[in-house]
Enquirer: 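Please find one structure pasted underneath; my questions will follow.
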Amino acid sequence: NAGVTQTPKFQVLKTGQSMTLQCAQDMNHEYMSWYRQDPGMGLRLIHYSVGAGITDQGEVPNGYNVSRSTTEDFPLRLLSAAPSQTSVYFCASTRGRVGPQETQYFGPGTRLLVL
Amino acid sequence: GQQVMQIPQYQHVQEGEDFTTYCNSSTTLSNIQWYKQRPGGHPVFLIQLVKSGEVKKQKRLTFQFGEAKKNSSLHITATQTTDVGTYFCAEEYGNKLVFGAGTILRVKS
C-alpha cells in the first residue's frame, strides 16, 4: 500500500490564482481530512469527509472547497489564492469515523507559497 | 472552538536529560492521541489513551491520561538526538480531531 499520497510536493502561486491539491489513499479508509500547518499554530482542520459524497467544514474552511466523489480521493481547491494561505497542507485518512481506536494516517504534505 | 492547550511551546534539552510535554483541556476528553512530527516530515501516530488514569509506555516514552480525563502528558526519559521533532496531542471533538499547538523538542548532543 502506498498509504496517503499528496501532489504536488511544492507549489508557488500568485495571488488570485486557483489550484487543486490532490490527495489519495489506497487503504479503503472512510474518513479523510485536510489540515494546514503554520508555525506555532499546530494543525488546523480545514475540511473533512466521513465518506464518499459527504463533506463538512473544519476550523478554518474559508477560501477552500472540497469534494469526495470516490472513497480514494479528496482534493482540496483553493478558489482564489491569498498570501494568508501560504502554509503546509496535510491530508489524512482514518479507517472509520474519528473515535477511540481510530488513528489518522498523514500524507507527506504540500508546501504552498502564495506571492 | 474546542482546543487543547499544550505546553511548553518549545524545549531545548541536553542529550540524556528528560523531557515532558503537557496537554490540558477545560472539558472532559473521551480520549487523547499523541503524534510526533520529525523536522520536514508529517505527523505520525504514537499512541491513544482512553481510560481515566491510564499509563502507557513505549520504550523511553511514557504517556499518561489524567484521572479526570482533562489532561495528559508525554514524558521522554534520557532524550536522544532521534527524539527531536514536534510532539502533538489531539482530542476527539465530534467527528473531528483537534490538535494542540505542539511542543518543539531540540536535543543538544
Side-chain angles (χ1 to χ4, degrees), chain A residues 2-6 9-10 21 23 25 27 29-51 54-62 66 68 87-111, chain B residues 1-11 21-25 28-52 54 56 58 63 65 69 72 85-106:
Chain A
V4 181
T5 57
Q6 291 183 239
K9 289 185 178 180
F10 303 96
L21 279 63
C23 174
Q25 53 88 12
M27 298 175 283
H29 283 178
E30 288 294 320
Y31 185 100
M32 297 184 74
S33 54
W34 276 102
Y35 294 87
R36 60 176 290 173
Q37 184 173 29
D38 303 293
M41 302 190 74
L43 295 151
R44 292 183 292 168
L45 183 65
I46 304 171
H47 286 284
Y48 66 98
S49 168
V50 299
I54 306 170
T55 63
D56 208 343
Q57 296 182 349
E59 303 169 76
V60 289
N62 293 341
V66 291
R68 186 93 180 273
S87 189
V88 180
Y89 292 85
F90 288 101
C91 179
S93 73
T94 306
R95 183 186 57 184
R97 298 191 178 203
V98 171
Q101 312 311 320
E102 295 292 350
T103 64
Q104 293 221 353
Y105 297 86
F106 283 82
T110 294
R111 296 180 182 276
Chain B
Q2 191 76 0
Q3 187 177 10
V4 281
M5 303 305 295
Q6 192 170 355
I7 56 170
Q9 184 178 1
Y10 180 85
Q11 190 151 9
T21 174
Y22 302 89
C23 276
N24 298 292
S25 174
T28 302
L29 304 170
S30 59
N31 60 83
I32 195 159
Q33 299 183 7
W34 285 93
Y35 289 77
K36 176 184 178 181
Q37 183 179 25
R38 295 182 185 275
H42 59 275
V44 174
F45 173 79
L46 293 176
I47 209 159
Q48 183 176 60
L49 304 173
V50 180
K51 299 178 183 177
S52 168
E54 190 169 16
K56 288 187 176 180
Q58 290 180 349
F63 303 85
F65 204 6
K69 298 182 74 173
S72 181
T86 304
Y87 293 85
F88 294 99
C89 61
E91 64 161 333
E92 175 194 342
Y93 181 62
N95 257 329
K96 308 168 197 174
L97 198 62
V98 178
F99 284 78
T103 295
I104 300 171
L105 173 64
R106 293 289 178 259

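Atom set for the values below is all heavy atoms of this structure, side chains included, hydrogens, waters and symmetry mates excluded.
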Enquirer: Can you tell me how far CG of B/Leu46 sits from OG1 of A/Thr103, rounded to the nearest 0.5 angstrom?
Expert: 11.0 Å
Enquirer: Which residues satisfy the side chain to side chain donor-acceptor pair (under 3.5 Å) test with B/Ser72, sequence neighbours excluded?
Expert: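 Listed in chain order: B/Trp34.
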Enquirer: Do other residues, nucleotides or ligands put more than 12 heavy atoms under 6.0 Å from B/Arg106 CZ?
Expert: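 Result for CZ/B/Arg106: enclosed.
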Enquirer: A side-chain contact here means heavy atoms from C-beta on lying under 4.5 Å apart; do A/Asp56 and B/Asn95 qualify?
Expert: no
Enquirer: Taking C-beta and beyond as the side chain, do B/Phe99 and A/Gln37 meet within less than 4.5 Å on heavy atoms?
Expert: no
Enquirer: Is chain B contacted by the side chain of A/Gln57, its backbone, both, or neither, given a heavy-atom distance below 4.5 Å?
Expert: backbone
Enquirer: Where do A/Gln104 and B/Phe45 come nearest, in terms of heavy atoms and distance?
Expert: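 Here A/Gln104 and B/Phe45 meet closest at O-CB, 4.3 Å.
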Enquirer: Would you mind checking which part of A/Tyr105 comes under 4.5 Å of any heavy atom in chain B, side chain (CB onward), backbone (N, CA, C, O), both or neither?
Expert: neither
Enquirer: What part of B/Gln6 gets closer than 4.5 Å to chain A, counting heavy atoms only: side chain, backbone, both or neither?
Expert: neither
Enquirer: Is there a side-chain contact between A/Glu59 and B/Tyr93 in this structure, where contact means two heavy atoms from C-beta onward sitting under 4.5 Å apart?
Expert: no
Enquirer: Looking at every non-hydrogen atom in both residues, tell me the closest pair between A/Tyr31 and B/Lys96 and how far apart they are.
Expert: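 A/Tyr31 and B/Lys96 have their closest heavy atoms at OH-CA, 3.8 Å.
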Enquirer: Does B/Tyr22, at its OH atom, have more than 12 non-hydrogen atoms belonging to other residues, nucleotides or ligands within less than 6.0 Å?
Expert: no
Enquirer: Rounded to the nearest 0.5 Å, how far does CZ of A/Phe106 lie from OH of B/Tyr35?
Expert: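 Interatomic distance, B/Tyr35 OH to A/Phe106 CZ, rounded to 0.5 Å: 5.5 Å.
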Enquirer: Just checking B/Gln9: does its CD atom have more than 12 heavy atoms from other residues, nucleotides or ligands closer to it than 6.0 angstrom?
Expert: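 For B/Gln9, atom CD is not crowded (no more than 12 foreign heavy atoms under 6.0 Å).
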Enquirer: Any salt bridge (Lys or Arg N to Asp or Glu O under 4.0 Å) pairs touching residues 36-51 of chain A, not counting sequence neighbours?
Expert: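 Listed once each, the pairs are A/Arg36-A/Asp38, A/Asp38-A/Arg44.
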Enquirer: With a 4.5 angstrom heavy-atom cut-off, which part of A/Leu43 approaches chain B: side chain, backbone, both or neither?
Expert: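 Looking at A/Leu43, backbone and side chain both touch chain B.
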